[in-house]
2 protein chains.
Amino acid sequence: MKKEKIKRLKDAGWKTGTVQEFLELTDAENALIEVRVALFEAFQKIRKEQRLTQKQAAKLLKTSQSRISKMETGDPSVTLDLMIRSLVTLGANKKDFVRIFK
Amino acid sequence: MKKEKIKRLKDAGWKTGTVQEFLELTDAENALIEVRVALFEAFQKIRKEQRLTQKQAAKLLKTSQSRISKMETGDPSVTLDLMIRSLVTLGANKKDFVRIFK
DNA sequence: TTAGTATATGTCAGATCTGATATAGTGTCA
DNA sequence: TGACACTATATCAGATCTGACATATACTAA
């Protein structure tokens, strides 16, 4: 119940505190969501900067268009592992993660 | 063959370029390793700052001492997911990850 | 309207991860 | 020396993830 709501709310511009209180998240749960959101937003940004469709990105990353879509919509079946591996494959380095989390 | 070597080499103070060339890593593989190293070093640092033994940390994180050890030694069976979830459970927030990757 | 392109959603078998357990190694103290 | 605390390593059943596929939805152009 929690997870599906979160992205929509964040995207709708709700303040963190408000979302956290509304969904009764612990600090750790909230931090984890912020990290996830930062990563999937970064991924979509990079893909679009490189003018790739999800299908093209899928080929590069040796996965399927559907998983790319799930990554960008914050689907709970997508792990931080997959997002980070995808980001570095598209060219992100350690330094870029500083910006991603800033 | 690659993965086991990496931590030791990095810990021994080798420069990134050198390790990367020696192990014939792609940029993406190298970036991923740098991210992993940053995370498991950060985890150990936080655990020690909080004066927790691996056993105590394991209880907090609802896992086992052996997995904590694997996390800190960069065992390949440990995912970025687990490391990031553990870090936020010990109190790290998005902002802390800026420092971790800097 | 239809066709074409891009993205989103549902499902699942096979791959990978994880907590748990056992055990080994290391350091310290008496 | 032995006992104890801490950490490292090996193994594996059950849990979770992932690529692939099917299908749906959204948008554009003719």
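Each chain gets a letter, A, B and so on, in the order its sequence line appears, and its residues count up from 1.
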Within the 6.0 Å centroid threshold, strictly below: A/F97 and B/F97: no
Presence of [X] side-chain N/O under 4.0 Å of [N] phosphate oxygens OP1/OP2:
X: B/R47; N: D/dT7; answer: yes
X: B/R67; N: D/dT9; answer: no
X: B/T63; N: C/dA20; answer: no
X: B/T73; N: D/dA8; answer: no

Per A/L82 side chain, nearest of listed nucleotides D/dG19, D/dA8, C/dT11: D/dG19
Shortest side-chain distance from B/S69, nucleotide among D/dC6, D/dT18, D/dA8: D/dA8
No-hydrogen, no-angle side-chain donor-acceptor test under 3.5 Å, B/D75 and B/S77: yes
DNA chain D: 5'-proximal contact among B/K55 and A/S66 (nearest heavy atom): B/K55
Rounding to an integer number of Å, can you tell me how far [X] [atom1] sits from [N] [atom2]?
X: B/R51; N: D/dA5; atom1: CZ; atom2: P; answer: 20 Å
X: B/I68; N: D/dT7; atom1: CD1; atom2: P; answer: 10 Å
X: B/M71; N: C/dC17; atom1: CE; atom2: P; answer: 15 Å
X: A/Q54; N: D/dC21; atom1: CD; atom2: P; answer: 17 Å
X: A/D75; N: C/dT9; atom1: CG; atom2: P; answer: 8 Å

